[in-house]
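Single-structure report; data block below.
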Amino acid sequence: MPELPEVETVKRGLASIVTDRRVEMAGSHPSIKFSPATTVVGARFNGVNRRGKYLLFPLDDGRQLVAHLGMTGQFRPVSEPSSSAHVRAWWRLDDGTILEFRDVRRFGRIAVVQGDDYSSLPTLHALGPEPFDPDFDGLYLWKALRSSSAAIKTQLLSQKVVAGVGNIYADEALWRAHLHPDARRITKAKAEALRIAIINVLKEGIENGGTTLRDYRSVDGSEGSNQHSLDCYGQAGSPCPRCSTVMVRSVIGARATTHCPSCQKR
DNA sequence: CGCAGCGCCTGAAGGC
DNA sequence: TGCCTTCAGGCGCTGC
């Protein structure tokens, strides 16, 4: 489940591979979720950027290739076409590198947009601020959360309040901020604590090269190590690292959720 | 218009 | 051993 730290790690791995390279040939799975990949033949990559969990590849013709890793998406450079059955798109670059997009479960997506017109990608179009941007401050977060009555965890996962937080880092941030994932209204002080928690769990995730639970790999094929630093996600049934109360599993917004019933009050 | 709920996908893991 | 069921889940879309 690639979230911001995983996508950021992939972005950093891709930069030197694609920047200033021209696409000589491309192919894809027939699904519309991947077939736009072939429309960039002839264009040159100006670089690679990230917004939330989306990878943005600006092209020299004014368009952008947009990629979302979904649950199991991976970018891998190879010198010969791989025999992997899960290659959903590939691009042959002008230095001979073949960049493959592999995605076992096909939850990922490749799109091509004109300029920065993201209207064909609703989540990207309505994406909230980057968590490391100065405009993501405590007052903004408090106001943004107040505008909806949905559970706080559901709001974090919506991508509208802040960009890039998925199920793992949402559970981690809420645990750190002592917030119940089903809380509906929080104080300004709690909002500020949550802002700090979000920034720190994401920053540490990046420093650890992302969280590899099963499928996630960086561009060079290596695993992240952040899975060894999780305090909350997936820890239901184990003692809370803070107060030793047994952590509890629940379902919020159809997502598996873990929290500590003792130190995460509503 | 906002939001809840569904469908998309496949492989791993557990039950019998 | 092998078959069947359940689970994982981000996001686009639909319909209330």
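Computation of the quantities below employed the complete heavy-atom set of this structure, encompassing side-chain atoms and omitting hydrogens, waters and symmetry-equivalent molecules. Bear in mind the structure is a predicted one, so any value in this text is a computation, not a measurement. All chains are named by letter (A, B, ...) in the order of the sequence lines, taking the proteins before the strands, and each is independently numbered beginning at 1.
Residue contacts shown for A:R255 include a base, since a base heavy atom lies under 4.0 Å away. When heavy atoms are screened at a 4.0 angstrom cut-off, A:E3 is found touching no nucleic acid atom at all. A:A254 comes within 4.0 angstrom of no nucleic acid atom, judged by non-hydrogen atoms across all strands.
One interatomic measurement links the two molecules: CG of A:D215 to P of B:dG11, which rounds to 10 Å at whole-angstrom precision. Look at OH on A:Y216: it is 19 Å from C1' on C:dA8, rounded to the nearest Å. Atoms CG (A:D171) and P (C:dG10) sit 10 Å apart, rounded to a whole Å. Here the C1' atom of nucleotide C:dG12 and the CD atom of A:Q159 are 13 Å apart, to the nearest Å. Atom CG in A:D103 sits roughly 13 Å away from atom P in C:dC11 (whole-Å rounding). Atom CZ in A:R106 sits roughly 17 Å away from atom C1' in C:dG9 (whole-Å rounding). For the pair A:I32 CD1 and C:dG12 C1', the computed distance is 13 Å after rounding to whole Å. Here C:dA8 presents its P atom at 13 Å from CD1 of A:I168, a figure rounded to the nearest Å.
The residue among A:S149 and A:R214 whose nearest nucleotide of DNA chain B is located toward the 5' end is A:S149. Projected onto DNA chain C by closest heavy-atom contact, A:S120 and A:G70 fall at different nucleotides, the more 5' of which corresponds to A:G70.
For the OP1/OP2 pair of B:dC3 and a distance below 4.0 Å, the side-chain nitrogens and oxygens of A:T154 include no atom meeting the criterion. Between A:R249 and C:dA8 there is a side-chain polar atom (N or O) within less than 4.0 angstrom of OP1 or OP2. Between A:H68 and C:dC11 there is a side-chain polar atom (N or O) within less than 4.0 angstrom of OP1 or OP2. Phosphate proximity of C:dG9 to A:Y233: present, with a side-chain N or O under 4.0 Å from OP1 or OP2. Applying the 4.0 Å criterion to OP1 and OP2 of C:dC11, one finds that A:K53 has a side-chain N or O inside that range. Between C:dG12 and A:T123, a contact under 4.0 Å exists linking OP1 or OP2 to a side-chain N or O. For the pair A:R105 and C:dG9, the criterion of a side-chain N or O lying under 4.0 Å from OP1 or OP2 is not met.
Under the 6.0 Å distance and 45° angle rule, A:R146 counts as a cation-pi partner of A:W142.
Look at A:R21 and A:D94 and you find a salt bridge, because one of the NZ, NE, NH1 or NH2 atoms lies within 4.0 Å of a carboxylate O, short of that distance. The pair A:E8-A:K53 does not meet the salt-bridge criterion, since no charged nitrogen lies less than 4.0 angstrom from a carboxylate oxygen.
When each of B:dC3, B:dC8, C:dG12 is scored by its nearest atom to the side-chain atoms of A:F107, the top-ranked nucleotide is B:dC8.
Note on ring orientation: taking the six-membered ring where Trp is involved, the planes of A:H259 and A:H180 are tilted (angle from 30° to 60°).
A donor-acceptor pair is defined here as one N or O able to donate and one able to accept, closer than 3.5 Å; such a pair exists between the side chain of A:Q235 and the backbone of A:Y233.
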